[in-house]
Amino acid sequence: MNEIIEAIKIATLEIQEIIITGDTGKSDNQNSTGDTQLKLDIASDIVIEREFKKLSCIKEIVSEEQDDIVKINENGKYLIAYDPLDGSSLVDVNLSVGSIYGIYENDFTGANIVASIYVVFGPRVEMVIADGKTLKMYRLQKGEFVYIQDIKLEEKGKLQAPGSTQQCWYPHHKTMIDAFFADGYRLRYSGGMVPDLHQILLKGGGLFSYPGTSDKPKGKLRQLFEVFPFAFTYKSAGGQATDGINDVLEVPTTHIHDTSPCFFGSNYEINIVKEVYSKNV
Ligand code: P6P
């Protein structure tokens with residue numbers, strides 16, 4: 001696992017440079033989910049794949065930016081699914097973005113995730129590593145990643161990050177989100193999953209939601225390299241993650257680009273989500 005972390009550190013330093021100096025324009029391609037790929041997405045993906053291909057411990061990788069599984073070493077122990085530069089369209093308005101890595105054993109399913117790592121490219125570059133029991137944050141300082149702190153969620157938080165198109169929310173979802181705001185929660189939503197979830201983790205908790213909607217009943221966020229890594233991250237910080245009914249890591253995966261409705265947060269907020277959604281199945 002340490003060699004994977006070191007590979008991600010090397011890739012991160014190069015991606016930071018790509019963000020600062022790279023072309024934020026669109027490529028001529030779309031990814032498997034139909035998103036128009038930015039040149040930054042492709043450049044970041046190339047860097048990460050290059051570094052992972054050097055590691056004999058990796059069996060195969062899945063990238064948001066590639067249609068198919070890439071086989072690395074048939075005797076490798078780990079399978080890695082990653083989003084090389086999530087929220088890349090925010091770079092040209094100078095907002096924070098991030099990379100997300102889910103590390104699995106045996107197969108690409110929520111039940112088989114064994115670690116997650118995300119990197120926030122913001123005013124500071126920070127890397128957060130989850131092992132299922134702890135969540136540890138490191139900060140890039142003078143070319144090195146320095147340990148800063150462990151992250152733990154409060155039982156109840158203060159922040160709400162309500163994603164997706166509000167006009168497509170189901171009525172019970174809208175009623176639930178409105179009730180949180182009526183209870184004094186504060187809106188914190190940039191449209192970048194990584195900084196939005198990082199903020200809730202560091203500011204004591206709350207709820208990030210990207211539900212199923214009338215236009216996207218299975219949600220928008222991808223299971224293997226967005227939903228499951230952050231579910232594992234939040235559980236490692238003492239929180240929870242659900243699809244509205246169950247632990248989101250129990251959601252079945254039939255295709256490597258499958259999506260899932262997802263809620264990540266402190267226990268109090270997630271328990272409310274489960275209570276509301278269980279009555280509106
Ligand atoms: P919406 C970025 O494109 C992304 O995949 C996530 O980083 C983010 O949480 C979500 O989409 C934002 O989607 O529909 O709220 O703009």
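Read the numbers this way: they start at 1 and go in the same order the structure lists the ligands and their atoms.
Expressed to the nearest 0.5 Å, how far CG of L140 lies from CG of L13 amounts to 5.5 Å.
Aromatic ring orientation, H172 versus Y277: perpendicular (interplanar angle above 60°, classes split at 30° and 60°).
In terms of polar-atom proximity, T165 is not counted as a contact of ligand 1, lacking any N or O under 3.5 Å from an N or O of the ligand. Considering backbone and side-chain N/O atoms, L221 never comes within less than 3.5 Å of an N/O atom of ligand 1.
Here is the list of ligand 1 atoms found below 4.0 Å of a heavy atom in F208: 9 (O). Taking a cut-off of under 4.0 Å to the non-hydrogen atoms of G191, the atoms of ligand 1 that pass are 2 (C), 6 (C), 7 (O), 8 (C), 10 (C), 12 (C).
Among protein heavy atoms, atom 7 (O) of ligand 1 sits closest to D86 OD2, 2.4 Å. Among all protein heavy atoms, the one lying closest to atom 13 (O) of ligand 1 is K220 NZ, 3.1 Å. Nearest protein neighbour of atom 14 (O) of ligand 1, counting heavy atoms only, is Y210 OH, 2.6 Å. Regarding atom 12 (C) of ligand 1, its nearest protein heavy-atom neighbour is Y189 OH, 3.3 Å.
For an aromatic pair to be called close, the ring centres must be under 6.0 Å apart, and H257 with F225 satisfies this.
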List the steps, then state whether side-chain contact (heavy atoms from CB on, under 4.5 Å) holds for F145 with T12. CA-CA 11 Å; F145 283 89; T12 296; 3.8 Å; yes

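A ring-ring contact (aromatic ring centres under 6.0 Å, His included) with Y118 holds for exactly one of F230, F232, F264; it is F230.
Of the heavy atoms in S164, only backbone atoms (N, CA, C, O) come closer than 4.0 Å to ligand 1.
The environment of CZ in R186 is sparse: at most 12 heavy-atom neighbours from other residues, nucleotides or ligands sit within 6.0 Å.
In the hydrophobic clustering of ILVMFWY residues, with side-chain heavy atoms under 4.5 Å counting as a link, I256 and V227 come out together.
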